[in-house]
A.B. asks: 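I have a structure I would like to understand better, so I am pasting it below and will then ask my questions one at a time.
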Amino acid sequence: MAHHDLAIIGGDGIGPEVTEQTLRVLDLAEQRFGFTTTRTEYPLGAEHYRATGELLTDELAERIRQHDAIVFGAVGHPDLPSGVLERGIILALRREMRQAVNLRPVRLYPGVTSPIAGLRPEDCDLVVVRENTEGAYASAGSAVHRGTPAHTAVQDATTTWFATERAVEYAFALAAQRRRKVSLCHKTNVLVEAGRLWLDVMEAVSARYPDVEWDYVHVDALCMHLPTDPSRFDVVVTDNLFGDIVTDLGAVVQGGLGMAASGNLTLDGSAPSMFEPVHGSAPDIAGKGVANPVGAVLSLALCLAHLGEGEAATAVERAAVHVIGQLPALANPAMGKSTAQVGDAVLEALESGAGADLPEGLMRQMAALRA
Ligand code: IPM
Ligand code: MN
């Protein structure tokens with residue numbers, strides 16, 4: 001029987017609430033699909049930081065590195081200076097675990113109402129492959145004369161062939177199993193040097209995938225096309241910062257941040273990949289038990305696919321989508337159901353085998369790429 005050793009980081013705000021429901025779904029998936037997990041909880045987040053001053057220490061990173069995958073909720077707290085936990089935990093994990101790609105499906109599920117009137121599920125099924133380790137996120141920069149009118153800041157963005165190529169390679173390999181189209185999203189007309197590097201990498205990698213076509217789209221133009229005609233995209237590959245921004249737009253198009261899932265993938269297998277809903281800790285609704293756990297549950301489906309549990313992944317995805325399809329109001333936090341009730345409904349669907357009729361799609365594609 002397959003066994004998977006998981007690190008669990010619930011984090012702050014609604015993070016632990018949605019993670020609790022996710023782990024209930026995992027319990028049932030194990031029984032139904034015949035695999036087992038061990039789970040080690042790591043208390044990273046605001047409370048732990050306040051009590052100990054610790055973010056992701058070397059020692060914690062070393063322990064987390066031993067696991068097969070990380071199930072992550074959310075971190076962030078309104079009483080702490082913005083960015084401390086985000087940089088010290090999320091970005092540190094992505095970097096330390098060499099999570100080269102942030103995979104963010106943008107998919108309108110059947111039964112979910114998009115704010116884009118008339119958008120049909122069959123016209124909104126794309127995946128953003130976000131380079132996950134560098135660009136503006138490498139945090140290189142300097143400042144002088146702080147506190148004076150001469151305050152000057154330089155914020156660098158780094159782009160290496162190595163990291164760009166591994167993201168682009170993943171995008172092409174994924175597209176080869178889908179509708180065989182990769183769109184590079186950048187701003188080459190202004191960011192000339194980084195843009196040149198991305199385009200050169202696209203040329204080089206595309207030569208290895210003669211059956212996959214590719215095109216280029218400026219990030220501002222993509223922000224216009226994504227809501228009006230998402231069907232023009234299959235796999236979008238993009239730099240870290242553009243990927244951050246366009247996937248929030250994508251989440252809105254697919255019916256809200258509560259629905260959006262992501263996987264931070266360590267492509268060389270040297271450390272665990274990490275699966276997290278795209279939403280944050282949502283302090284405004286924390287503790288009320290009303291957060292939508294579907295983004296977290298769909299992230300678990302990505303995790304299962306990545307661990308090679310393709311059948312369980314597909315069943316969990318179908319069960320979760322079945323539930324969202326029945327509760328169209330889920331897109332906002334006032335969904336009329338509690339977090340636990342939505343968890344119950346997903347469990348019920350998984351138990352009875354009731355599932356949305358979905359093309360198998362991404363779950364199978366991810367499992368195949370891992371092999
Ligand atoms: C995300 C988040 C993070 C990011 C923050 C919390 C650092 O917005 O995962 O999209 O910018 O990547
Ligand atoms: Mn973001």
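Both counts, for ligands and for their atoms, begin at 1 and track the order of listing.
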A.B. asks: Asp79: what forms a salt bridge (Lys or Arg N to Asp or Glu O under 4.0 Å) with it, not counting sequence neighbours?
C.D. replies: Arg50

A.B. asks: One thing to verify: whether Glu165 and Arg208 come together as a salt bridge, which I'm taking to mean a side-chain N less than 4.0 angstrom from a carboxylate O.
C.D. replies: yes

A.B. asks: Does a side-chain heavy-atom distance below 4.5 Å link Arg63 with Tyr42?
C.D. replies: yes

A.B. asks: Taking C-beta and beyond as the side chain, do Val201 and Glu169 meet within less than 4.5 Å on heavy atoms?
C.D. replies: no

A.B. asks: Can you name the residues that come within less than 4.0 Å of ligand 1, going by heavy atoms only?
C.D. replies: Glu86, Ile90, Leu91, Arg94, Arg104, Arg130, Tyr137, Asp244

A.B. asks: Protein N/O/S atoms under 2.8 Å of the Mn ion (ligand 2)?
C.D. replies: Asp244 OD1

A.B. asks: Would you indicate whether the side-chain heavy atoms of Thr339 and Ile14 approach each other to under 4.5 Å?
C.D. replies: no

A.B. asks: Without hydrogens or angle criteria, can the side chains of Asp5 and Gln66 be said to hold a donor-acceptor pair below 3.5 Å?
C.D. replies: no

A.B. asks: Do Asp125 and Arg178 sit within salt-bridge range, that is, some charged N less than 4.0 Å from a carboxylate O?
C.D. replies: yes

A.B. asks: Can you confirm whether Tyr109 sits close enough to Val294 that some side-chain heavy atom of one is under 4.5 Å from a side-chain heavy atom of the other?
C.D. replies: no

A.B. asks: Using the salt bridge (Lys or Arg N to Asp or Glu O under 4.0 Å) criterion, which residues pair with Arg39? Sequence neighbours excluded.
C.D. replies: Asp27, Glu30

